[in-house]
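Reviewing the structure listed below.
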Amino acid sequence: MALEQHQIDEISRYDEEKRLKYSVKTMVQERQIWILTDEHGCVMLNTEDEDCVPVWPHQELAEQWATGEWDNCKAEAISLNKWHSRWTYGLEDDELAVVVFPNQNEEGVVLFPEEFDFELKKQSAKAR
């Protein structure tokens with residue numbers, strides 16, 4: 001489902017916790033997670049403590065980040081099944097965290113991969 005600009009603007013104004021809840025619910029409903037990639041792979045954000053993979057609930061929200069130094073990046077969907085089977089363990093092995101739906105100030109909830117996986121599975125259980 002494509003988002004219209006007014007929806008993007010409204011969702012982007014959510015605080016970190018509301019963006020997390022919205023993202024997890026949407027990712028489970030749509031059965032996919034959006035990342036940004038370039039020729040080197042998945043793009044990263046860095047906090048003081050963690051190297052993070054940013055994730056978004058919609059292609060349009062991910063594409064909003066494809067500007068400036070990231071203007072050559074493309075939004076890529078990862079199926080929920082592939083995320084559970086490969087990404088969670090791969091991120092843990094690489095000691096990377098997940099930042100969920102960062103805003104333009106690079107603010108978002110940072111979770112360890114197993115915490116993010118738990119939130120997705122908890123939402124999946126609710127949706128049944």
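Throughout, numbering of the chain's residues begins at 1 and tracks the sequence.
- Annotation: the span from I11 atom CD1 to N103 atom CG amounts to 14.0 Å, rounded to 0.5 Å.
- Taking CG of L61 as the start and CH2 of W34 as the end, the distance is 11.0 Å to the nearest 0.5 Å.
- The closest side-chain heavy-atom distance from T37 to V43 is not below 4.5 Å.
- Under a hydrophobic-cluster definition in which Ile, Leu, Val, Met, Phe, Trp and Tyr are linked whenever side-chain heavy atoms come within less than 4.5 Å, directly or via other members, V53 and F112 are assigned to different clusters.
- The shortest heavy-atom contact between T47 and C52 is CG2-SG, 4.0 Å.
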* Audit row: E119, E115, side-chain contact (heavy atoms from CB on, under 4.5 Å) steps and yes/no -> CA-CA 6 Å; E119 291 298 325; E115 292 173 314; 5.7 Å; no
* To do: For W56 and L36, run side-chain contact (heavy atoms from CB on, under 4.5 Å): C-alpha distance rounded to whole Å, both residues' side-chain angles, the deciding distance at 0.1 Å, then the answer.
  => CA-CA 9 Å; W56 293 271; L36 280 179; 3.9 Å; yes
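- The line from OG of S23 to CD of Q123 is 11.0 Å long, rounded to the nearest 0.5 Å.
- Y89 and H84 are not linked by any side-chain donor-acceptor pair at a separation below 3.5 angstrom, with hydrogens and angles left out of the test.
- For L91 against P113, the heavy-atom pair with the smallest separation is CB-CG, 3.5 Å.
- At least one side-chain heavy atom of L120 sits under 4.5 Å from a side-chain heavy atom of V24.
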* To do: Evaluate the criterion side-chain contact (heavy atoms from CB on, under 4.5 Å) for residue pair Y22 and M27; output intermediate values, then yes/no.
  => CA-CA 8 Å; Y22 173 82; M27 290 166 177; over 6 Å; no
* Does the side-chain contact (heavy atoms from CB on, under 4.5 Å) test come out yes or no for W70 and D38, once each step is laid out? -> CA-CA 8 Å; W70 291 5; D38 62 14; over 6 Å; no
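- The cluster map of Ile, Leu, Val, Met, Phe, Trp and Tyr, joined by side-chain heavy atoms under 4.5 Å apart, puts F118 and I33 in different clusters.
- Taking SG of C42 as the start and CG of L96 as the end, the distance is 8.5 Å to the nearest 0.5 Å.
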* **side-chain hydrogen bond (donor to acceptor under 3.5 Å, both in side chains) between E60 and Q64, worked out** => CA-CA 6 Å; E60 296 86 352; Q64 282 194 307; over 6 Å; no
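- In this structure, SG on C73 lies 9.5 Å from NE2 on H40, to the nearest 0.5 angstrom.
- The nearest pair of heavy atoms linking M44 to P54 is CA-CD, 4.1 Å.
- With 3.5 Å as the limit, one finds a donor-acceptor pair spanning the side chains of N72 and E39.
- With a 6.0 Å cutoff to the six-membered ring centre and a 45° limit on the axis angle, R19 does not count as a cation-pi contact of Y14.
- A perpendicular orientation is assigned to the rings of F116 and W83, their planes being inclined by more than 60° (bins at 30° and 60°).
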* Evaluate side-chain hydrogen bond (donor to acceptor under 3.5 Å, both in side chains) for D9 paired with Q5, printing each intermediate quantity in order. => CA-CA 6 Å; D9 294 342; Q5 189 59 49; 2.8 Å; yes
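- E10 places no side-chain N or O within 3.5 Å of a backbone atom of Q7 that could act as its donor or acceptor partner.
- Annotation for E107 and E16: closest pair CB-OE2, 3.4 Å, computed over non-hydrogen atoms.
- Distance check: T26 OG1 to L3 CG gives 8.5 Å after rounding to the nearest 0.5 Å.
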